[in-house]
Number of protein chains: 2
Amino acid sequence: MYSAAVSTQERLIESTRELLWDRGYMGTSPKAILERSGAGQGSMYHHFKGKPDLALAAIRRTAEEMRATAQAVLSGPGTPYERIEAYLRRERDVLRGCPVGRLTMDPDVIASDALRAPVDATIDWLREQLAQLVEEGKEQGQFARALDAEEIAATVLATVQGGYVLARASGSPAAFDTAVRGLLTLLRPAS
Amino acid sequence: MYSAAVSTQERLIESTRELLWDRGYMGTSPKAILERSGAGQGSMYHHFKGKPDLALAAIRRTAEEMRATAQAVLSGPGTPYERIEAYLRRERDVLRGCPVGRLTMDPDVIASDALRAPVDATIDWLREQLAQLVEEGKEQGQFARALDAEEIAATVLATVQGGYVLARASGSPAAFDTAVRGLLTLLRPAS
DNA sequence: GTCTATAACAAGATAGAC
DNA sequence: GTCTATCTTGTTATAGAC
């Protein structure tokens with residue numbers, strides 16, 4: 001078989017991903033997942049133990065995807081500054097928010113070690129990648145010696161995550177871009 | 001009467017504020033509000049039209065309180081840089097998140113102009129205050145002329161809001177402080 | 001103003017037929 | 001593997017007594 005139809009299990013995971021992104025864990029009901037995926041009650045409980053189990057599969061996939069997307073930009077061409085800039089300016093569905101970061105505002109996700117783990121791991125990985133870039137930039141003389149790579153990496157990530165908050169509050173993606181431009185000005189090498 | 005007992009209406013609003021902070025709009029049920037406040041079904045629907053109406057009262061009060069708290073620090077003593085630092089370093093219940101900012105992740109809040117308005121207004125006001133401080137710092141020669149006050153203000157706010165995300169993801173307030181230290185290094189006057 | 005009763009509907013899951 | 005009951009509990013509100 002060269003081209004199999006997408007499985008019910010697959011549709012369940014993808015539907016859950018979309019709903020988690022838009023409505024969070026609390027706001028995502030099994031009923032809504034079933035409606036969106038076109039699956040029946042029985043299918044869902046056959047493939048998954050329940051809502052948390054299905055959500056875990058969805059979150060893991062979203063986390064992996066985010067990692068791949070970031071990887072592509074961060075390990076792309078250019079100087080460390082340019083690659084950080086590319087990460088900050090990459091196309092985003094700003095008003096929809098970060099599919100990973102938004103989960104931190106879900107009490108049920110934070111309360112569950114299993115559900116929080118992929119979120120934590122993704123953000124931690126991103127921080128390491130950014131810190132390594134900053135370190136490189138310091139070695140190349142592009143960034144000041146006085147900068148702490150771990151700190152700057154956290155600031156970059158926080159600006160992105162916070163940019164989503166500002167944008168959603170104002171109802172416009174512009175606020176995200178403004179915050180990013182501010183950070184880039186502060187980071188820009190003197191050269 | 002010099003000291004009246006706290007009214008039922010008051011207890012309803014305060015209970016709603018606590019629950020909104022911890023569990024968001026979706027996660028806050030009228031039932032939970034009633035249990036926490038000790039009020040009955042009838043009292044709630046006597047004083048408020050329903051959940052959105054009560055939430056609006058709660059959100060407005062939280063927004064006002066946040067403004068007052070920020071005001072105290074931002075218009076306190078010190079140079080512009082020192083006052084921004086004081087804002088960034090002020091005591092926060094980091095793992096609990098921002099009681100105003102977290103509402104932007106609630107689809108029902110964002111979808112309602114009435115509920116989003118106080119959130120938007122508070123963040124906008126904060127941005128203006130910070131921008132004014134940056135402008136002052138530029139005039140006093142403390143910040144570089146090249147800085148755009150609006151942009152830097154957005155970056156400062158985003159770092160705070162994003163700091164909460166990093167902290168909740170890792171389960172530790174340390175991530176918030178790390179991001180703030182990074183930003184302060186970037187902002188610090190050469191002097 | 002506050003209470004209890006009631007209700008219509010959604011959430012989350014199980015049972016068992018097909 | 002998928003489907004349709006069925007079940008328990010929670011959500012959000014209304015009605016009407018006190």
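Just so you know, these numbers use all the heavy atoms, side chains as well, and skip hydrogens, waters and symmetry mates. Numbers restart at 1 for each chain; the letters A, B, ... are given by sequence-line order, proteins then strands.
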* Asked: Is there side-chain contact between R168(A) and F176(A), with at least one heavy-atom pair below 4.5 Å?
  -> no
* Asked: Separation of E35(B) atom CD from dT11(D) atom C1', in whole Å?
  -> 12 Å
* To do: Check the distance between dG12(C)'s C1' and K49(A)'s NZ and give it to me in whole angstrom.
  => 16 Å
* Structure fact -> L34(A) atom CG is separated from dA13(C) atom C1', nearest whole Å, by 11 Å
* Structure fact -> When G42(A) and G38(B) are each assigned the nearest nucleotide of DNA chain C, the 5'-most assignment goes to G38(B)
* Take atom OH of Y45(A) and atom C1' of dA11(C), then tell me their distance rounded to the nearest Å. => 8 Å
* Asked: Could K51(A) and Y25(A) be counted as a cation-pi pair, given that NZ or CZ must be under 6.0 Å from the ring centre and within 45° of the axis?
  -> yes
* Tell me which nucleotide among dA11(C), dT2(D), dT12(D) gets nearest to the side chain of K31(A). => dA11(C)
* For atom CZ of R60(A), is the number of surrounding heavy atoms from other residues, nucleotides or ligands below 6.0 Å larger than 12? -> no
* Asked: At under 4.0 Å, does any side-chain N or O of H46(A) touch on OP1 or OP2 of dG1(D)?
  -> yes
* Counting only side-chain N and O atoms of T8(A), is one of them less than 4.0 Å from OP1 or OP2 of dT2(D)? -> yes
* Asked: How about Y164(A) and R102(A): does a side-chain donor come under 3.5 Å of a side-chain acceptor?
  -> no
* To do: Provide, to the nearest angstrom, the distance between the NE2 atom belonging to H47(A) and the C1' atom belonging to dA13(C).
  => 17 Å
* Specify the separation, in whole Å, of atom CD1 of I33(B) and atom P of dA13(D). => 10 Å
* Asked: Taking NZ from K51(A) and P from dA10(C), how many angstroms apart are they, rounded to a whole number?
  -> 16 Å
* What integer distance in Å separates F48(A):CZ from dG12(C):P? -> 16 Å
* Asked: Is the backbone of A167(A) close enough, under 3.5 Å, to the side chain of S170(A) for a donor and an acceptor to pair up by distance?
  -> yes
* Asked: To the side chain of Q41(A), which of dA13(D), dT14(C), dG1(C) is closest?
  -> dT14(C)
* Look at S29(A) and dG12(C) and indicate whether a side-chain polar atom (N or O) is within less than 4.0 Å of OP1 or OP2. => no
